[in-house]
Amino acid sequence: MSSEHRILADRIVMITGASSGIGAAAARLFAQEGAAVVLMARRADRLHALAADLAVTGARTLAVPGDVASAEDVERVVEAAVERFGRLDCAFNNAGYATAGVPLHETDPDVYEHTLDVNVRGVWNCLRHQIPPMLKQGGGAIVNTSSVAGLRATGASAAYVAAKHAVIGLTRAAAAEYGERGIRVNALVVGSTRTEMMDEVLGQAPELEERFAAEAIQKRMAAPVEVAQAAAWLCSDRSSFVTGAAVPVDGGATAA
């Protein structure tokens, strides 16, 4: 594909949760679309393996292991991106953690804390450290992964439903605060997707598989790359008049 047809040509993009699922699919797709990809996830071995695979294709990559729940880790990744590539154009804040199958009153407080730490504090940490270099360079685009659970109860845990609602709130607040300074911020309302995390959820509550697939008008779960395609569009100039949006990528689950 020629550079003029790559929607992320010469962009520097940070992707969290990049070691598997939607994040890994996004890393591959964004690289194909011309971006240099800065990959963050906790599992260093998988992260470096993905970066090595992408480098073989000629992609520019930087793998920096870390936990989005740690402000220090996120700061280190953003600084590494700017040091290596000179700027940060886009970010796909995709790292997440989900549970299901346990009622609210039986949910362990540690599970609640971890769910909020990864899904909410993680996005908060990313926004706080990604926005300053974007302001310095005059703009950028950020995409946060929310969920159908960010709009209604889905059968996932109450903690996850609360966390994904909060992601949409953070997205709208950031879009409103920084829109006039050139930074667009959007969220993906992701439906049930075949990922490692989904497999873990279904392992906890197998009865949810049929329900999750049935909720979509298309009566199936998404492939990770289908979600990554939407993130790539929101990071690109093709969505230049889209900000503060909660964009459904859910097979129609929120249409009815």
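Only heavy atoms go into these numbers, but all of them, side chains included; no hydrogens, no water, no symmetry mates. Counting begins at 1 with the first residue of the sequence.
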Test of understanding: clusters of I, L, V, M, F, W, Y form through side-chain heavy atoms closer than 4.5 Å, transitively. Do [X] and [Y] belong to the same one?
X	Y	result
V247	I15	yes
V77	V143	no
L188	I22	yes
L47	V68	no
V190	V120	no

Between [X] and [Y], what is the shortest heavy-atom contact and its length?
X	Y	value
A174	L127	CB-CD1, 4.4 Å
R87	I12	O-CG2, 3.4 Å
S146	V167	CB-CG1, 4.0 Å
I7	R238	CG2-CZ, 2.9 Å
L39	A27	CD2-CB, 3.6 Å
R84	T61	NH1-O, 3.5 Å

Within the 4.5 Å heavy-atom criterion, are [X] and [Y] side-chain neighbours or not?
X	Y	result
R11	C235	no
Y97	D117	no
V78	P133	yes
L50	R28	yes
M40	V74	yes

Legend entry - Salt bridge present between R194 and E209 (N-O < 4.0 angstrom): yes
Legend entry - Sidechain N-carboxylate O distance under 4.0 Å for E72, R76: no
[atom1]/[X]: more than 12 non-hydrogen atoms of other groups inside 6.0 Å:
X	atom1	answer
E83	CD	no
E210	CD	no
R128	CZ	no
R46	CZ	yes
F85	CZ	yes

Inset, instruction - Evaluate the criterion side chain to side chain contact (heavy atoms under 4.5 Å, CB included) for residue pair Y178 and V185; output intermediate values, then yes/no. - result: CA-CA 8 Å; Y178 299 102; V185 189; 5.6 Å; no
Is the backbone N or O of [Y] less than 3.5 Å from a side-chain atom of [X], with the two atoms forming a donor-acceptor pair by type?
X	Y	answer
R184	L234	yes
T16	N93	no
N94	T145	no
T193	T195	no
Q137	G139	yes
T243	F241	no
N186	G244	yes
E226	A223	yes
D73	D67	yes

Euclidean distance, [Y] [atom2] relative to [X] [atom1], rounded to 0.5 Å:
X	Y	atom1	atom2	value
C126	F92	SG	CZ	11.5 Å
R60	L54	CZ	CG	13.0 Å
I142	M14	CD1	CE	10.0 Å
N125	Q130	CG	CD	10.0 Å
T107	Y112	OG1	OH	11.0 Å
D250	E215	CG	CD	9.5 Å

Inset, instruction - Report the C-alpha distance between S147 and Y160 in whole Å, list the side-chain angles of each, state the deciding distance to 0.1 Å, and finish with yes or no for side chain to side chain contact (heavy atoms under 4.5 Å, CB included). - result: CA-CA 9 Å; S147 165; Y160 183 76; 3.8 Å; yes
Inset, instruction - Starting from V148, walk the hydrophobic network (Ile, Leu, Val, Met, Phe, Trp, Tyr; side-chain heavy atoms closer than 4.5 Å) and list everyone else you reach, by chain and number. - result: L151, I168, V189
Inset, instruction - Using the side chain to side chain contact (heavy atoms under 4.5 Å, CB included) rule, take L88 and M134 through it: C-alpha gap first, then chi angles, then the decisive distance, then the call. - result: CA-CA 6 Å; L88 181 65; M134 291 183 181; 4.2 Å; yes
Inset, instruction - Go through the steps to decide whether R43 and S20 satisfy the test side chain to side chain contact (heavy atoms under 4.5 Å, CB included), and finish with yes or no. - result: CA-CA 9 Å; R43 293 178 291 185; S20 67; 3.1 Å; yes
Inset, instruction - Keeping to residues at least two apart or across chains, list the side chain to side chain donor-acceptor pair (under 3.5 Å) pairs with something in residues 162-174. - result: N119-K164, N144-T171
